[in-house]
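Position 1 is the first residue of the sequence; numbering continues from there.
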Amino acid sequence: MAELTTIDVAIVGAGIVGVSTAFKLQEAGRTAVLIDRKGIAEETSRGNAGAFAFSDVIPLATSGVLRKLPRWLSDPLGPLTIRPEYLAQITPWMMRFWRAGWPDRVAASLKAQSAMMRLARSEAEALIASAGLEAMIRRDGVLELHESEEELRHTARDDAAKAAEGIEFRHVRGAELAELQPGLSPRIVCATFIPKWQTVSDPYDFAVAVGRAAQARGASFRQADVAQLRPLDDGVSIELTDGTAQRARQVVVAGGAWSKRLTAPLGDDIPLETERGYNTTLPGYSFDLKRQLVFGGHGFVVTPLESGIRIGGAVELGGLKLAPNFKRADAMLKKAAMFMPGLVTTGGKQWMGFRPSLPDSLPAIGFSRRSRRIVYAFGHGHLGLTQAAATGKLVTELLSGAPSSLDLTPFSPQRF
């Protein structure tokens with residue numbers, strides 16, 4: 001097997017986490033090579049909801065969610081579902097998810113996620129400024145919509161978490177709600193408005209722009225499929241599916257939902273699963289959308305993008321191999337039309353992506369069990385865009401031996 005010239009840092013995965021890590025490494029004086037089987041942002045980072053969700057610090061596994069699970073799972077098109085043919089395989093993950101919902105675990109995850117979000121905000125702002133991407137950021141705020149005052153009261157814990165993080169928000173009703181977003185159904189009686197919430201003009205365009213900024217600083221990209229990582233005394237052999245190999249001094253595994261096939265042979269049996277998310281992107285004329293809307297009770301969001309109006313979300317646990325069930329996208333579109341009566345629902349493009357998910361809603365950031373020349377950076381769930389720059393900062397510190405900006409114990413890949 002022919003060996004190529006040794007490179008400095010290879011990043012396996014060129015999604016938003018990978019390209020942000022490449023950017024941060026280049027800023028620190030390292031040389032990064034992105035390796036991806038398809039291209040920059042061609043997988044999960046292509047079609048997400050486009051939000052910097054810095055206030056989203058509550059783990060998915062909470063007592064409230066666990067209480068709703070039986071009802072949700074009984075609806076195959078509801079906010080969270082498990083494909084029947086995947087039930088046996090997902091059961092061990094679900095047991096960990098259930099344990100993550102115990103009060104002590106929720107408190108620990110909340111504390112760790114809050115610290116991560118503080119770093120995420122500052123590092124995202126720094127990356128956007130350094131890369132000159134300010135024009136791609138929308139600062140319209142977000143409306144978290146509720147169908148009743150009782151539903152609003154159930155968000156008290158989320159409100160407390162926002163307040164503890166210094167996040168500005170207010171509850172709105174009546175004329176103020178109608179001014180912030182005209183054309184909503186009377187079924188929406190109140191909302192929580194977060195004025196400093198940010199979205200990107202388009203998540204794919206943004207990730208590509210970060211990748212180009214990293215390349216302008218000296219990073220490079222190679223399209224290839226990595227089959228295995230083999231630790232060496234002085235580096236890592238990156239063995240490719242075409243039979244060739246690339247030697248690197250250090251490697252970052254940022255392959256999102258596909259990372260497990262590389263980490264398991266290294267002795268790290270990480271419970272990585274996929275939150276399969278669906279969406280429909282409608283033409284921009286479909287509704288006069290002022291800002292992102294979150295329908296938390298139904299598990300979907302509506303986002304204004306340069307490419308149109310994106311309606312999507314929800315969670316389907318079904319792994320990487322099962323065919324998409326686009327009836328889920330249809331169901332969200334139908335619900336959106338119910339809450340936004342003037343919505344034109346024709347002319348849309350459907351999509352499904354694989355969010356890399358760990359049971360406690362925290363990513364895996366840390367060294368491989370087998371080699372300290374290999375760092376993991378995956379498992380961000382629906383927060384990949386939000387936490388990408390912070391992850392890049394933390395990975396750069398790990399690779400250089402610098403003090404960490406965060407206590408990485410809660411994010412250890414070996415915590416399970």
Applied to residues 123-175, the ring pair (Phe, Tyr, Trp, His ring centres under 6.0 Å) test, sequence neighbours excluded, yields F169-H171
Residue pairs passing the ring pair (Phe, Tyr, Trp, His ring centres under 6.0 Å) test with at least one member in residues 179-203, sequence neighbours excluded, are none
Is the backbone of [Y] close enough, under 3.5 Å, to the side chain of [X] for a donor and an acceptor to pair up by distance?
X    : Y    : result
S357 : G381 : no
D360 : R105 : no
R173 : V189 : no
R276 : G319 : yes
S130 : A126 : no
S286 : P283 : yes
T386 : A53  : yes
E397 : G401 : no
S201 : E306 : no

So how far is it from [X] [atom1] to [Y] [atom2], rounded to the nearest 0.5 Å?
X    : Y    : atom1 : atom2 : value
I167 : F54  : CD1   : CZ    : 10.0 Å
L362 : Q387 : CG    : CD    : 8.0 Å
E147 : F339 : CD    : CZ    : 3.5 Å
M332 : H298 : CE    : NE2   : 12.5 Å
I309 : L289 : CD1   : CG    : 5.0 Å
L266 : D269 : CG    : CG    : 12.0 Å

Salt bridge check, R153 against E149: does any charged N sit closer than 4.0 Å to a carboxylate O? no
Here the pair of heavy atoms bringing A131 nearest to R217 is CA-NH2, 4.1 Å
Scanning both residues in full, the closest heavy-atom pair of A22 with A219 reads CB-CB, 4.5 Å
Original post:
Is the NZ atom of K196 crowded by more than 12 outside heavy atoms at less than 6.0 Å?
Top reply: no
Within the supplied structure, the quantity of interest is the number of heavy atoms (other residues, nucleotides, ligands) at a distance under 6.0 Å from E179 CD; does it exceed 12? no
Taken in chain and number order and not counting sequence neighbours, the residues that satisfy side-chain contact (heavy atoms from CB on, under 4.5 Å) with Q414 are D268, R369, S412
ask   = Between Q292 and T303, is any side-chain donor less than 3.5 angstrom from a side-chain acceptor?
value = yes
- Message: Whether the T155 and E144 side chains hold a donor-acceptor pair (N or O, under 3.5 Å, no angle test) is what I'd like checked.
- Response: no
Tested for side chain to side chain contact (heavy atoms under 4.5 Å, CB included) against I40, the lone hit among Q215, Q223, R212 is Q215
Report the relative orientation of the aromatic rings in W93 and F97; use parallel for angles under 30°, tilted for 30 to 60°, perpendicular for over 60°. parallel
Item to complete: Describe, in one word, how the ring planes of Y278 and F326 are oriented to each other, choosing from parallel (under 30°), tilted (30 to 60°) and perpendicular (over 60°).
Response: perpendicular
Partner of D56 under side chain to side chain donor-acceptor pair (under 3.5 Å), picked from H382, K162, Q113, is H382
